[in-house]
Amino acid sequence: MGVRDLFELGGKVALVTGGSRGLGLQIAKGLSEMGARIAISARKPAELAEAKSEFAAQGIDVLTVAHDLAVTDQMPALVEAVMGHYGRIDILVNNAGASWGAPAEKLPLEAWHKVMNLNATSVFALSQAVANRCFIPQRSGNIIIIASSAALRTSMEMKAAPYYASKAAALHLTRALAAEWGQYGIRVNAICPGFFPSKLASGLLETIGPSVIAHTPLGRLGGDTDLQGAAVYLASDASRHVTGQYIGVDGGAFCA
């Protein structure tokens with residue numbers, strides 16, 4: 001097998017959560033370009049329809065599933081929707097997430113639970129559901145967890161304790177699942193993005209954007225294709241001996 005062939009995803013089925021916009025949509029497009037068949041889930045049907053139209057304009061058919069990941073007992077229904085359409089799942093990208101900005105002393109406990117539930121608990125619940133239904137029986141599978149550079153360090157400028165905690169939990173969950181599920185041929189890795197001008201980060205970047213750029217060695221925010229290479233690498237056979245690891249995609253901000 002040549003090196004180029006290692007990155008091909010033809011015949012693979014990828015489920016990307018939060019795939020209707022932002023980083024999830026970017027990743028889904030990258031995987032699709034390399035040949036993967038794509039299923040994307042999100043809460044809002046209108047955003048899913050818009051994403052589907054973007055793919056259709058490129059001649060690509062995708063499965064869209066409206067699903068609220070905060071309702072963990074509905075995970076099997078999401079998995080079955082993808083299985084019913086494609087007959088298999090090979091790649092799971094746990095991308096959907098949330099944040100809540102507030103000083104820790106003023107943070108409502110309900111905000112803590114909301115962020116932790118979506119960013120950590122739902123990641124485990126969906127990974128478990130896909131593993132039990134697909135990956136363990138077929139003795140192969142690939143899970144990519146979208147953590148964050150916030151899992152690696154905190155900042156006085158960004159007051160979002162539950163986001164930091166939940167993304168750190170997601171990163172360590174990556175290692176735990178990799179250790180446990182390697183025996184089934186399942187690889188589990190993470191991507192830690194820095195700041196991208198997504199809907200989730202747009203409000204914060206209005207105030208701290210210049211400071212973020214000033215403290216980023218490459219001197220810019222993440223762009224529209226900057227996550228695609230890392231996602232394709234981790235999803236493909238190019239990383240077939242890589243598990244329990246993370247790739248920082250932050251312009252060097254973590255090393256600054």
Side-chain angles (χ1 to χ4, degrees), residues 14-32 36 38-43 47 51 67 69-70 75 78 89-100 115-128 130-131 141-153 158 160 162-178 186-202 204 221-236 239 242-251 253-254:
L15 168 59
V16 182
T17 68
S20 63
R21 58 180 172 85
L23 304 187
L25 181 58
Q26 179 184 148
I27 291 169
K29 287 180 176 178
L31 299 181
S32 174
I38 303 297
I40 58 176
S41 72
R43 284 190 307 112
E47 291 185 354
H67 178 83
L69 289 171
M75 297 299 186
L78 171 58
I89 300 173
D90 301 285
I91 303 158
L92 169 63
V93 181
N94 284 297
N95 166 74
S99 185
W100 193 303
V115 176
M116 291 296 293
N117 187 45
L118 186 58
N119 293 359
T121 304
S122 75
V123 171
F124 172 73
L126 183 56
S127 297
Q128 183 187 59
V130 173
N142 196 329
I143 299 173
I144 301 171
I145 294 175
I146 307 304
S148 170
S149 59
L152 305 170
R153 72 175 185 183
M158 180 175 151
Y163 186 78
Y164 286 120
S166 63
K167 289 300 185 178
L171 186 57
H172 284 278
L173 176 63
T174 298
R175 296 169 175 141
L177 295 182
I186 300 171
R187 296 192 296 112
V188 189
N189 292 290
I191 299 175
C192 293
F195 279 100
F196 282 68
S198 63
K199 184 176 180 180
L200 184 65
S202 59
L204 183 63
L221 302 175
D224 291 340
T225 61
D226 286 333
L227 281 182
Q228 292 180 338
V232 168
Y233 168 67
L234 291 177
S236 70
S239 62
V242 177
T243 193
Q245 306 301 314
Y246 72 87
I247 297 176
V249 185
D250 62 359
F254 181 62

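Every heavy atom of this structure was used, including side-chain atoms; hydrogens, water molecules and symmetry mates were not. Quick caveat: nothing in here was measured; it's all calculated off a predicted structure.
- Here the side chain of Gln128 pairs no donor or acceptor atom with the backbone of Leu126 at under 3.5 angstrom.
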*Can you list the steps and then say if Tyr246 with Thr174 is a side chain to side chain contact (heavy atoms under 4.5 Å, CB included)?*
CA-CA 8 Å; Tyr246 72 87; Thr174 298; over 6 Å; no
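- The shortest non-hydrogen separation linking Ala70 to Asn117 is O-ND2, 3.2 Å.
- Atom CG of Leu173 is separated from atom CD1 of Ile143 by 8.5 Å, given to the nearest 0.5 angstrom.
- Atom CZ of Arg153 sits about 10.5 Å away from atom OG of Ser148, to the nearest 0.5 Å.
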*Can Lys167 and Ser149 be said to form a side chain to side chain contact (heavy atoms under 4.5 Å, CB included), step by step?*
CA-CA 8 Å; Lys167 289 300 185 178; Ser149 59; over 6 Å; no
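- From Ile191, atom CD1 reaches atom CG of Asp226 across 11.5 Å, with rounding to the nearest 0.5 Å.
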_side chain to side chain contact (heavy atoms under 4.5 Å, CB included) assessment of Leu31 paired with Val93_ = CA-CA 10 Å; Leu31 299 181; Val93 181; 4.1 Å; yes
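- Taking each heavy atom of Ser20 and Ala51 in turn, the nearest pair found is O-CB, 3.6 Å.
- Phe196 and Gly223 get closest at one heavy-atom pair: CE2-O, 3.3 Å.
- Scanning all heavy atoms of the two residues, the minimum distance from Ala178 to Thr243 falls at CB-OG1, 3.4 Å.
- Closest approach of Ser41 to Leu78, counting heavy atoms only: CB-CD1, 3.9 Å.
- Formation of a donor-acceptor pair under 3.5 Å by the Ser32 side chain with backbone atoms of Ala28 is not found in this model.
- The distance from the CG atom of Asn189 to the CZ atom of Arg175 is 10.5 Å, given to the nearest 0.5 Å.
- Under a 3.5 Å cut-off, the side chain of Gln26 and the backbone N or O of Leu227 do form a donor-acceptor pair.
- Closest non-hydrogen pair, Ala120 versus Ser166, comes out as CB-O, 4.1 Å.
- One distance of note links CZ of Arg187 with CG of Leu234; it measures 7.0 Å at 0.5 Å rounding.
- Annotation: the span from Thr121 atom OG1 to Leu69 atom CG amounts to 11.5 Å, rounded to 0.5 Å.
- Applying the side-chain contact (heavy atoms from CB on, under 4.5 Å) test to Tyr233 and every residue at least two apart in sequence or in another chain returns Phe7, Ala238, Ser239, Val242, Ile247.
- With hydrogens and angles disregarded, a donor-acceptor distance shorter than 3.5 Å links the side chain of Asn95 to the backbone of Gly18.
- Between the side chain of Asn119 and the backbone N or O of Ala98, at least one donor-acceptor pair lies under 3.5 Å.
- The backbone N or O of Ala96 lies less than 3.5 Å from a partner atom in the side chain of Thr17, making a donor-acceptor pair.
- Among residue pairs with one or both ends in residues 115-128, none qualify as salt bridge (charged side-chain N to carboxylate O under 4.0 Å, His left out); sequence neighbours excluded.
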